[in-house]
Amino acid sequence: MSIKEKVKRKLWASSGGYCAKPDCHTDLFPFFEDKIITNIEELAHVVGQKKDGPRGNTSLPLIDRDEFENIILLCPTCHTTIDKNPKLYSESTILQWKNNHEESIRSLFSAMKFESREGIRQFIFPIMVENRSIFMNYGPYSKSAMEDPMATELIWERLAIQKILPNNRKLENTIELNQNLLEDNEFDLFAEFKLHREGFEYNKISGDVNSRVLRFPNGFDKLFK
């Protein structure tokens, strides 16, 4: 058995790329870039992959042990710590870490209510600037991608999941809550962005790239001007 690539991607996105142990929260991207974590089997199982593994003597079927619900993203140190001390770090404790950590990531997408177009514009503009900067410097059509495609793709994939996906969620949730501030010609742009956000996120998390996903809508960066 092995952990599917789409499970790994979903785990990565839901955890924000940080160790889920409450007293750690180490940024894990350097571990992947430096190949300290090199294969998906090094992701941490809550219930051991085998019956004789850490916390493995439970009723959870072996076939379900490589699924998202039984995997937690930890740094190498914390992974070793929990597996060497299974009595101290129980199944329920680790699942609570996982749930709490994922909830803390989701809370980052909480939307704010604004009274004016200028107010929401000031909030969303820096987010869109960051996304655009990442795309222009490391995206598939960037100068860097033409000069060194392999190295640039690694940076692009990392920043897409770490920055662009949560930024897009924050943009969508904020605008959704403040639709009363949209002008008539902006509703279609917002609808196109939601389709783009959903498709782009699916591509990055599933790894099953669909070339028909809508591009970032032209003119969306001028919303609320």
Side-chain angles (χ1 to χ4, degrees), residues 5-6 8-20 25-38 73 75 101-102 104-112 114 120-178 186 189-225:
E5 183 65 21
K6 66 179 181 180
K8 175 187 173 184
R9 287 175 172 268
K10 182 179 179 182
L11 181 72
W12 194 258
S14 65
S15 67
Y18 294 94
C19 177
H25 291 164
T26 295
D27 183 350
L28 297 180
F29 284 107
F31 289 103
F32 277 84
E33 288 183 336
D34 295 341
K35 302 189 184 304
I36 296 172
I37 299 176
T38 57
L73 194 64
C75 70
H101 186 69
E102 290 172 2
S104 71
I105 297 299
R106 285 192 292 269
S107 70
L108 297 176
F109 307 142
S110 298
M112 297 174 60
F114 292 90
I120 190 173
R121 174 71 183 173
Q122 289 182 4
F123 178 79
I124 68 173
F125 183 69
I127 301 173
M128 290 194 285
V129 167
E130 182 177 44
N131 281 4
R132 178 175 173 79
S133 178
I134 292 169
F135 180 78
M136 296 301 293
N137 284 287
Y138 301 112
Y141 308 107
S142 64
K143 180 181 178 182
S144 181
M146 302 301 170
E147 295 175 347
D148 192 345
M150 292 185 65
T152 303
E153 184 179 4
L154 289 174
I155 298 172
W156 166 241
E157 289 298 315
R158 171 172 65 86
L159 292 177
I161 292 177
Q162 183 186 35
K163 297 291 186 179
I164 294 179
L165 294 192
N167 278 351
N168 282 350
R169 283 286 188 97
K170 190 177 293 186
L171 287 171
E172 180 175 328
N173 290 347
T174 300
I175 297 169
E176 190 82 47
L177 186 63
N178 292 275
E186 294 174 327
L189 277 176
F190 181 45
E192 288 181 30
F193 172 77
K194 288 194 287 186
L195 291 173
H196 162 75
R197 193 279 304 164
E198 182 179 21
F200 182 78
E201 186 169 302
Y202 173 82
N203 280 353
K204 291 303 174 189
I205 294 178
S206 72
D208 181 20
V209 177
N210 186 335
S211 61
R212 300 301 296 173
V213 167
L214 288 183
R215 299 282 298 273
F216 183 83
N218 185 37
F220 186 76
D221 58 341
K222 295 180 174 60
L223 214 66
F224 297 109
K225 273 194 171 180

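Contacts of F224 classified as ring pair (Phe, Tyr, Trp, His ring centres under 6.0 Å), with partners at least two apart in sequence or in another chain: none. Taking S142 as the reference, S144, A145, T152 meet the side chain to side chain contact (heavy atoms under 4.5 Å, CB included) condition, with sequence neighbours excluded. With sequence neighbours left out, E201 forms a side chain to side chain contact (heavy atoms under 4.5 Å, CB included) with L165, R169, R197, I205. Qualifying ring pair (Phe, Tyr, Trp, His ring centres under 6.0 Å) partners for F123, counting only residues two or more places apart in sequence or in other chains: F114. Applying the salt bridge (charged side-chain N to carboxylate O under 4.0 Å, His left out) test to K170 and every residue at least two apart in sequence or in another chain returns nothing. E198 meets the side chain to side chain donor-acceptor pair (under 3.5 Å) test with no other residue; sequence neighbours excluded. Here K222 pairs with K225 under the side chain to side chain contact (heavy atoms under 4.5 Å, CB included) rule; sequence neighbours left out. For N137, the side chain to side chain contact (heavy atoms under 4.5 Å, CB included) partners two or more places apart in sequence, or in a different chain, are S133. Under the ring pair (Phe, Tyr, Trp, His ring centres under 6.0 Å) criterion, H101 pairs with H25, not counting sequence neighbours. Applying the salt bridge (charged side-chain N to carboxylate O under 4.0 Å, His left out) rule to E153 yields no partners; only residues at least two apart in sequence or on another chain are considered.
Within the model, atoms OG of S14 and CD1 of I105 stand 8.5 Å from one another, a figure rounded to the nearest 0.5 Å. To the nearest 0.5 Å, atoms CG (N218) and CG (D221) are separated by 7.5 Å. The line from OH of Y138 to CG of L159 is 7.0 Å long, rounded to the nearest 0.5 Å. From I164, atom CD1 reaches atom CZ of R158 across 11.5 Å, with rounding to the nearest 0.5 Å. Atom-to-atom distance recorded for R215:CZ and F220:CZ is 15.5 Å, nearest 0.5 angstrom. Here the CD1-CG distance, from I120 to N178, works out to 4.0 Å after rounding to the nearest 0.5 Å.
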Side chain to side chain contact (heavy atoms under 4.5 Å, CB included) assessment of K143 paired with M136 | CA-CA 8 Å; K143 180 181 178 182; M136 296 301 293; over 6 Å; no
I'd like a table of donor-acceptor pairs (distance under 3.5 Å, sequence neighbours excluded) in which one partner is a side-chain atom from residues 124-132, with atom names and distances.
unit_1: E130; atom_1: OE1; unit_2: N167; atom_2: ND2; d: 2.8
unit_1: N131; atom_1: OD1; unit_2: N167; atom_2: ND2; d: 2.8
unit_1: N131; atom_1: ND2; unit_2: N168; atom_2: OD1; d: 3.1

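Here the shortest heavy-atom pairing between T174 and M112 reads CG2-O, 4.2 Å. Closest approach of A111 to L177, counting heavy atoms only: CB-CD2, 3.8 Å. Smallest separation of non-hydrogen atoms from G219 and L189: O-CD1, 3.8 Å. Nearest heavy-atom pair across K204 and W156 is NZ-NE1, 3.2 Å.
Within 6.0 Å of atom CE in M150, 12 or fewer heavy atoms from other residues, nucleotides or ligands are found, so the atom counts as exposed in its surroundings.
By the 30° and 60° cut-offs, the orientation of the rings of H196 relative to F193 is tilted.
Between F216 and E192 there is no side-chain heavy-atom pair separated by less than 4.5 Å.
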